[in-house]
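In what follows, a single structure is set out as structure tokens and then discussed.
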Amino acid sequence: MTALVRKSIPIVALLVFAMIIVGGLIRQGDKRREGSFVAMGGIPVRVVAYDRTSARFDQDLQAVEKEVERLEQMFSRHRRNGEIANLNATGRGCIDASPEVLHLLGQAKRWYEKSHGAFDVTVTPLIELWKAAERANAMPDERARAAAAARVGMDKVRFSDTRLCFERDGMAIDLGAIAKGAILDAAAKVMQGRGVRRGLVDAGGDVAAFGEGAFNIGVRDPFSSDRGRLMGVLTMREGGVVTSGDYERFVTIEGQHFSHIIDPKSGNPAQGLASVTIIGPNATDADALATAVSVMGRDRGIDLVRSLPDFGGIMVERRQDDSHVIWCSRGLMPLFELTSGWEERPIPF
Ligand code: FAD
Ligand code: MG
């Protein structure tokens, strides 16, 4: 009897201990909150916090939505009376600009320099040229190309702490290739400022994550128009993951698809890479770099990513025979797992 009691004490203790652990896990799991809203012309924005009560999370979500709306009004060229929209409507001379717009332009300029002009937020006249070509269903002619190219170039934009000047008439700014990342980072900062210790903000597959531990982030399938279809899953620590690809937005001329990303030097749509996923310390820089690499193509893109120790990349190269090759930064190889159906092994670089 005594022996039985003696034996059962550790068993009971173990059971109680296990119940505490399981209870703890359930409580932890209970605190994962998720909510979403739509922004930036129809992009679903998903907000996740891992350590929140439901009441506080509702307020977090509202605060994030408010911040996204505030920045969207400032950065979007689609917003009537937005700062960038007003600037583009003028298209000449100098205007007063807010510190946040000037700060983001400063970051855009840094990527313009790092990418040797491949990333250029003044590319709008060339984008408009290709949109007009789509409407006419005819390739743009040389004269029209030269006229548009003359109004493109970050070297023709001057800005100080308060003002922004175009050196040529008819210039415009499109922050679409960097502002989504900046908005994700700002949203993550709002959550952190409110005391969320671990969470993420996801805008259509582009993510800013913060806090301790690992995050599993889905990388979109570049050959599917279904946003939910994945090519693989990337395990990351806090930072940003952004994918640029030609699967969602493109122009069609004479039955041929062209990327919405334009090479500012040649004036032609980017070619060769079906998608570029960049992982980095924040979403702003990952966004800009993903677009830059899309323009630069495989070899120059790989060289640029390799030269930046804080960044890694996964690229899907489209071959002429319609096959494809996946390239992956050496350091990301153990962290990237392809979903089934993607049998080929990525080539490390
Ligand atoms: P990315 O590669 O990140 O960006 C591609 C975009 O960058 C192109 O669409 C073009 O605008 C620009 N670009 C092209 N070539 C270059 C280059 N060489 N260097 C720099 N930039 C280049 N879409 C709507 O349809 N309606 C909206 O109202 C709307 N509002 C938006 C508001 C905000 C604040 C943002 C950030 C985006 C908004 N968008 C909207 C989406 C936007 O138009 C772009 O499609 C989107 O930002 C592109 O992101 P991406 O991830 O597809 O590609
Ligand atoms: Mg981008």
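Note that ligands are numbered from 1 as they come in the structure, with each ligand's atoms numbered from 1 the same way. Heads up: numbering here begins at 1 and tracks the sequence. Basis for what follows: all heavy atoms, side chains included, without hydrogens, waters or symmetry-related copies.
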Using heavy-atom distances, let me know which of M296, M154, K265, H78 sits nearest atom 30 (N) of ligand 1. H78
Salt-bridge contact R151-E128 (side-chain N to carboxylate O under 4.0 Å): no
What is the minimum heavy-atom distance between S115 and A292, and which atoms define it? CB-CB, 3.9 Å
For V295, the atoms of ligand 1 under 4.0 Å from one of its heavy atoms are 18 (N)
Mark up the atoms of ligand 1 that fall under 4.0 Å of a heavy atom belonging to P264, in ascending order. 18 (N)
Which of the ligand 1 atoms, numbered from 1, are nearer than 4.0 Å to a heavy atom of I183: 34 (C)
Quick one: OG on S294 to CD1 on I262, what's the gap to the nearest 0.5 Å? 12.0 Å
I want to check something: taking the side chain as every heavy atom from C-beta on, are V47 and E65 in contact at a cut-off of under 4.5 Å? no
Within 4.0 Å of some non-hydrogen atom of S76, the atoms of ligand 1 are 30 (N), 31 (C), 32 (C), 34 (C)
State plainly whether one hydrophobic cluster holds both I178 and M40, where clusters connect Ile, Leu, Val, Met, Phe, Trp and Tyr through side-chain heavy atoms under 4.5 angstrom apart. yes
If you compare A179, A270, S244 by their heavy atoms, the one closest to atom 2 (O) of ligand 1 turns out to be S244
Which is it for D287 and ligand 1 at heavy atoms under 4.0 Å: side chain, backbone, both or neither? side chain
Distance-only N or O hit between ligand 1 and D263, under 3.5 Å: no
Report, as yes or no, whether the 6.0 Å neighbourhood of atom CZ on R229 holds more than 12 heavy atoms from other residues, nucleotides or ligands. no
Give the atoms of ligand 1, by number and element, whose distance to some non-hydrogen atom of D174 is under 4.0 Å. 10 (C), 11 (O), 12 (C)
What are the atoms of ligand 1, with element, lying closer than 4.0 Å to any heavy atom of A118? 17 (C), 18 (N), 19 (N)
Atoms of ligand 1 under 4.0 Å from any heavy atom of K180, numbered from 1 in the order shown, are 36 (C), 49 (O), 50 (P), 51 (O)
Flag G176 as yes when one of its N or O atoms lies below 3.5 Å from any N or O atom of ligand 1, and as no otherwise. yes
Check whether V201 and I43 end up in the same hydrophobic cluster, where Ile, Leu, Val, Met, Phe, Trp and Tyr are linked by side-chain heavy atoms less than 4.5 Å apart. yes
What do you reckon, is CG of D321 surrounded by more than 12 foreign heavy atoms closer than 6.0 Å? yes
Region of I261 that comes within reach of ligand 1 [heavy atoms, distance under 4.0 Å]: both
Cluster check V316, V305: I/L/V/M/F/W/Y, side chain < 4.5 angstrom: no
Ligand 1 contact on I178 by region, counting heavy-atom pairs under 4.0 Å: neither
Counting only heavy atoms not in R92, do more than 12 fall under 6.0 Å of its CZ? no
Do we get R198 above Y50's six-membered ring, with its NZ or CZ under 6.0 Å from the centre and within 45° of the axis? yes
Does any part of the side chain of V121, heavy atoms only, come nearer than 4.5 Å to the side chain of Y112, both counted from C-beta? no
Using a strict 4.0 Å cut-off to heavy atoms of T291, name the atoms of ligand 1 that fall inside it. 1 (P), 2 (O), 3 (O), 4 (O)
Does ligand 1 have an atom under 4.0 Å from some heavy atom of L175? no
Everything protein-side that's N, O or S and under 2.8 Å from the Mg ion (ligand 2): list it, residue and atom. A177 O, D287 O, D287 OD1, T291 OG1
Which residues satisfy the ring-ring contact (aromatic ring centres under 6.0 Å, His included) test with H324, sequence neighbours excluded? F223, W342
Heavy-atom distance to atom 9 (O) of ligand 1: which of H260, R79, Q73 wins? H260
Quick one: do the S98 and E83 side chains pair a donor with an acceptor below 3.5 Å? yes
Is there a side-chain contact between R77 and L175, using heavy atoms and a 4.5 Å cut-off? no
Given L184, I127, V123, T124, identify the one with the heavy atom nearest to atom 16 (C) of ligand 1. V123
